[in-house]
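Before any comments, here is the structure.
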Amino acid sequence: MMTFESLKLSAQLLLNIEEQGYKEPYPVQLEVIPDVLEGKDIIGIAKTGSGKTASYVLPILQRLEKAKTKNRFANVLVLVPTRELAVQVQEVFYLFSKELAYPAKSMAVFGGVAINPQMKRMSNVNILVATPGRLLELTRSNAVNLSKVSTFVMDEADKLLNLGFQKELDDILKLLPKKRQNLLFSATLSPEVKNIEKILLNKEDFATKESQAIVKETEEIEEDILINQTGYFVSQEKKGPLLRHLIKEKEMKQVLVFTSSIFQADQLTAKLRKNGIDARAIHSKKSQGSRQESLTLFKNNKINVLVATDLLARGIDIQFLPFVVNYELPRSPKDFIHRIGRTGRAENPGEAITLVTEEDKHHFRVIQKKMKQWVTMVDSENLNF
Ligand code: AMP
């Protein structure tokens with residue numbers, strides 16, 4: 001058995017790992033940690049749920065021991081596509097930074113909330129986890145300087161690129177020093193990701209480094225084993241009653257329900273609440289405060305149902321989430337896979353339920369084909385509800 005000890009992590013980090021209850025490294029951690037420790041550039045093809053966050057957080061924290069720190073000059077920059085992911089990644093840095101003998105102050109910055117408190121808290125931060133827009137605002141007001149960044153991480157690079165952050169990304173890259181370590185993580189190696197890989201690694205300064213960039217294909221978590229999938233044929237009008245029936249029947253205490261639109265998310269939430277089910281909606285029209293609050297309540301089992309748009313389909317790690325329901329199908333099969341990937345993570349089995357109307361049938365077949373998996377279908381007409 002490979003152990004964290006064999007990865008040459010420092011004693012304090014090993015203690016912090018033990019405290020988290022991690023028994024042994026996940027495959028992505030075995031692959032990535034040694035190279036990051038050596039200062040190499042990495043392209044990690046790893047999904048959320050694989051343990052990729054710790055795979056860069058741990059070696060980065062160890063390397064920080066040797067970093068020169070200076071107020072307002074970040075040593076490490078982690079770029080992420082969403083606010084929630086920023087908070088989540090910073091939490092992992094925080095957990096593993098405990099009791100370290102050297103400064104490892106991390107902070108998450110993202111838009112949608114006031115900028116002033118973030119500027120004030122910026123002093124002596126050496127690990128910055130940021131969404132692109134807010135990061136640029138902060139650099140423009142000189143709250144942070146990126147010219148001393150020694151390690152640059154792009155987490156969920158595919159999402160960053162899909163969301164049209166290219167312009168921001170270009171601006172950010174200009175602010176980084178040429179000599180730095182680049183760590184790129186993505187669920188897929190899409191053409192956009194390959195392109196950014198070139199930008200990051202093929203610049204003149206990196207010509208020698210190019211051969212060192214190692215693509216790490218990690219074992220995928222076997223979704224078909226961990227995620228038990230069922231589909232229900234149902235009419236549009238009966239979706240609400242069916243969902244309520246399933247929540248009761250399966251005694252769902254924690255279920256993430258996906259809708260395709262903000263409107264539908266709000267409407268469904270209202271309906272559930274009217275029927276005495278503790279639900280909250282989370283989507284891009286909600287304030288950042290409300291989004292964070294709902295997510296925390298849900299994570300801590302204080303509410304049973306979280307209704308979300310695809311904003312949440314990626315990146316969010318809810319430990320032991322037992323149920324995901326697709327109330328409506330997403331347009332893209334990729335989003336479907338990301339949605340159901342919220343459950344059955346990190347070796348805990350989960351159940352993914354998809355409601356399929358007559359009009360959805362064709363599209364659902366397309367999705368299943370892409371997934372290379374056929375889902376057992378139940379006709380809800382035969383159910384008593
Ligand atoms: P991530 O892919 O980074 O979002 O991690 C998914 C989940 O796996 C998180 O809840 C981590 O705390 C957990 N995790 C990561 N590495 C390990 C490990 N080696 N052993 C047990 N759990 C882990």
Side-chain angles (χ1 to χ4, degrees), residues 1-10 13-34 36-37 42-62 76 78-98 106 108 127 129 153-160 183-188 216-223 225-227 254 256 295-296 298-301 312-322 324 337-350:
M1 186 179 90
M2 289 296 284
T3 59
F4 278 106
E5 281 82 2
S6 65
L7 291 173
K8 301 205 183 88
L9 291 167
S10 70
L13 281 175
L14 290 174
L15 279 177
N16 295 350
I17 290 167
E18 200 183 313
E19 197 174 295
Q20 286 312 303
Y22 293 9
K23 298 270 181 309
E24 54 183 309
Y26 283 164
V28 64
Q29 293 158 359
L30 285 174
E31 292 274 331
V32 169
I33 290 174
V36 179
L37 279 178
I42 286 286
I43 300 152
I45 305 302
K47 291 193 263 188
T48 9
S50 59
K52 74 170 153 69
T53 318
S55 82
Y56 63 82
V57 167
L58 291 166
I60 282 178
L61 285 175
Q62 177 140 332
V76 177
V78 183
L79 216 53
V80 294
T82 64
R83 300 155 184 189
E84 284 77 11
L85 191 60
V87 171
Q88 193 173 294
V89 167
Q90 191 273 332
E91 274 169 10
V92 178
F93 270 108
Y94 177 76
L95 285 174
F96 288 119
S97 303
K98 280 188 193 153
S106 53
I127 302 163
V129 185
V153 184
M154 270 178 76
D155 199 343
E156 309 236 335
D158 48 342
K159 184 85 185 286
L160 269 168
L183 310 176
L184 194 76
F185 289 89
S186 171
T188 49
K216 299 289 185 187
E217 297 258 12
T218 56
E219 280 171 43
E220 301 213 339
I221 288 197
E222 302 233 346
E223 255 154 6
I225 295 175
L226 282 170
I227 304 175
Q254 201 184 29
L256 182 57
L295 196 59
T296 307
F298 185 64
K299 279 187 177 184
N300 296 335
N301 283 303
L312 269 208
R314 285 198 194 201
I316 294 306
D317 176 41
I318 298 164
Q319 247 177 344
F320 313 124
L321 175 64
V324 167
I337 293 165
H338 282 291
R339 284 180 179 188
I340 65 168
R342 294 313 93 205
T343 184
R345 290 153 61 74
E347 292 164 356
N348 293 295

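Just so it is clear, the structure is predicted and the values come from calculations on it, not from any experiment. Indexing begins at 1, ligand by ligand and atom by atom, following the structure's order.
Of all atoms in ligand 1, listed by their number and element, those nearer than 4.0 Å to a heavy atom of Thr53 are 1 (P), 3 (O), 4 (O). Numbered from 1 in the order shown, with element, the atoms of ligand 1 that lie under 4.0 Å from a heavy atom of Phe4 read 19 (N).
In terms of heavy atoms, Pro34 sits closest to Leu30 at CD-O, 3.2 Å. The heavy-atom pair separating Thr82 from Lys159 by the smallest distance is CG2-NZ, 4.0 Å. Shortest non-hydrogen contact noted between Ile33 and Leu7 is CD1-CD1, 3.8 Å.
Other residues, nucleotides and ligands contribute at most 12 non-hydrogen atoms within 6.0 Å of the CD atom of Glu18.
The shortest N or O to N or O distance between Lys23 and ligand 1 is not under 3.5 Å.
Within the 4.0 Å heavy-atom shell around ligand 1 one finds Glu24.
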